[in-house]
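As the structure lists them, so they are numbered: ligands from 1, and atoms in each ligand from 1. Positions are given from 1 along the sequence.
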Amino acid sequence: MNIVEIVNKKRWKQELTKEEIAYAINGYVEGTVQDYQMSSLLMAICLNGMTDEEVFSLTDVMYHSGEILDLSSIEGIKVDKHSTGGVGDKTTLILGPLVSSLGVNVAKMSGRGLGHTGGTIDKLESIPGFQTTMKLEDFKKQVDDIHFALVGQMGNLVPADKKIYALRDVTATVESIPLIASSIMSKKLASGADKIVLDIKVGEGALVKSVEDARTLASLMVKIGKKMNKEVICVLSNMDQPLGTHIGNVLEVEESIEFLKGNHTEDLYELVMTLGTLMVQMGLQIGEKEAKEKLEQNLQSGKGYQKLEEFVSRQGGDLSKIKSAPKVFSVKSIHSGYINKIHTLELGEIVRAIGAGRYQKEDSIDYGVGIVLSKKVGDFILKDEELLKIYVHEKDMEIGKILNCFEIGIHYEEPKPLIYEIVK
Ligand code: URA
């Protein structure tokens with residue numbers, strides 16, 4: 001077998017065998033297959049796609065490329081939730097405590113921000129003292145004790161994805177359904193959960209731009225789950241505007257606290273309830289109505305909030321010490337009308353540029369900066385009324401760039417639904 005023949009086969013749209021896929025992937029991890037050869041194979045996959053059988057093989061080979069977490073000593077079903085990445089998406093900070101307050105085990109590993117999208121680990125590290133690393137034994141004990149632990153990636157899980165993802169990022173091969181499905185599923189399988197809820201973001205601010213592509217990706221990931229004996233449910237949710245109102249690390253922690261204290265925006269509430277109900281159904285093996293009622297009860301009684309406090313202090317953090325940036329500027333609308341569009345990717349890029357995200361892996365983050373929206377898509381705004389607040393350290397801001405992210409018109413346009421569909 002040789003790599004040139006394998007690339008050539010994919011180039012001519014022929015199906016690769018599992019042995020050929022293993023040869024290419026393992027060779028790349030070991031260094032016998034070079035960057036330029038893997039780039040070529042990835043581009044051929046992007047252009048010509050893969051059969052389901054090829055995607056199963058690719059996922060399986062990646063899944064076995066490193067360590068696999070064994071969480072079997074934790075009693076009960078372990079449920080995981082993963083989002084493909086969006087702007088203002090703080091659902092994990094809310095769902096982890098809320099779902100685990102019902103006794104569902106949430107043993108979760110999360111990532112850092114990627115591009116214009118935020119990451120749960122960065123958000124948690126904005127809480128002074130919070131530890132996002134832990135020994136496996138301590139991680140398991142915490143889940144046994146309080147049903148919830150959340151850390152950054154532990155051990156050498158799926159090294160193939162680490163290396164291939166970095167290459168995809170610089171070779172225009174990120175947006176490929178077989179590559180996204182195998183990348184996400186190999187990591188979810190290796191991190192040891194029994195059941196997985198995937199939130200596939202669709203729209204301007206997301207990796208997947210159309211509902212059709214999201215549906216294809218979802219059914220592929222559900223099929224991979226079935227093949228590997230893991231229940232996977234995908235929720236296709238809208239990312240044409242930021243989720244909730246707060247964007248930026250500390251600000252998103254603040255919005256999550258407020259949510260668990262009972263103050264929430266409609267869109268964030270709808271998504272939390274949709275994903276949370278599925279997690280509780282899976283974790284407690286109960287019906288939809290009962291799961292929803294239980295979630296609602298724990299939200300209203302404050303048990304979700306108490307769990308957040310317990311989880312944060314167990315991992316060394318102190319919620320009373322979080323601090324947003326000291327300078328707050330109010331940005332006003334220059335027109336009256338309906339907010340018809342928010343260019344979410346551009347807005348996410350602005351928040352990244354003021355310091356909430358990274359351009360290089362080693363960049364440090366300014367946790368306190370960000371944006372809080374005063375208006376969302378569908379709202380009416382008057383000229384000179386506040387559109388948003390911006391939290392920064394310096395005064396220099398390109399307000400024009402921010403205003404350009406909003407399309408304001410005289411006619412009302414019906415916003416798209418938040419939840420497109422659920423794929424099981
Ligand atoms: N998230 C991942 O982990 N992998 C992808 O390929 C895309 C999003």
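Regarding atom 8 (C) of ligand 1, its nearest protein heavy-atom neighbour is Leu207 CD2, 3.7 Å. Shortest contact from atom 1 (N) of ligand 1 to any protein heavy atom: Ile184 CG1, 3.8 Å.
Lys230 NZ: more than 12 foreign heavy atoms inside a 6.0 Å radius. More than 12 heavy atoms of other residues, nucleotides or ligands shown are found within 6.0 angstrom of NZ on Lys209. Surrounding NZ of Lys292 are at most 12 heavy atoms belonging to other residues, nucleotides or ligands under 6.0 Å away.
Relative orientation of the His264 and Tyr269 rings is parallel, given thresholds of 30° and 60° on the angle between their planes.
Checked by atom type, the side-chain pair Asn8/Glu5 shows no donor-acceptor distance below 3.5 Å.
Figure legend: Lys341 and Phe406 shown without cation-pi pairing, the cationic atom not lying both under 6.0 angstrom from the six-membered ring centre and within 45 degrees of its axis.
Ligand 1 has a nitrogen or oxygen under 3.5 angstrom from a nitrogen or oxygen of Arg168. Of the polar atoms of Tyr165, none of the N or O atoms is found under 3.5 Å from an N or O of ligand 1, judged by distance alone. Between Lys187 and ligand 1, a contact under 3.5 Å exists for at least one N or O pair.
Residue Thr84 places every heavy atom at 4.0 Å or more from ligand 1.
The atoms of ligand 1 that sit less than 4.0 Å from any heavy atom of Ser183 are 2 (C), 3 (O), 4 (N), 5 (C), 6 (O).
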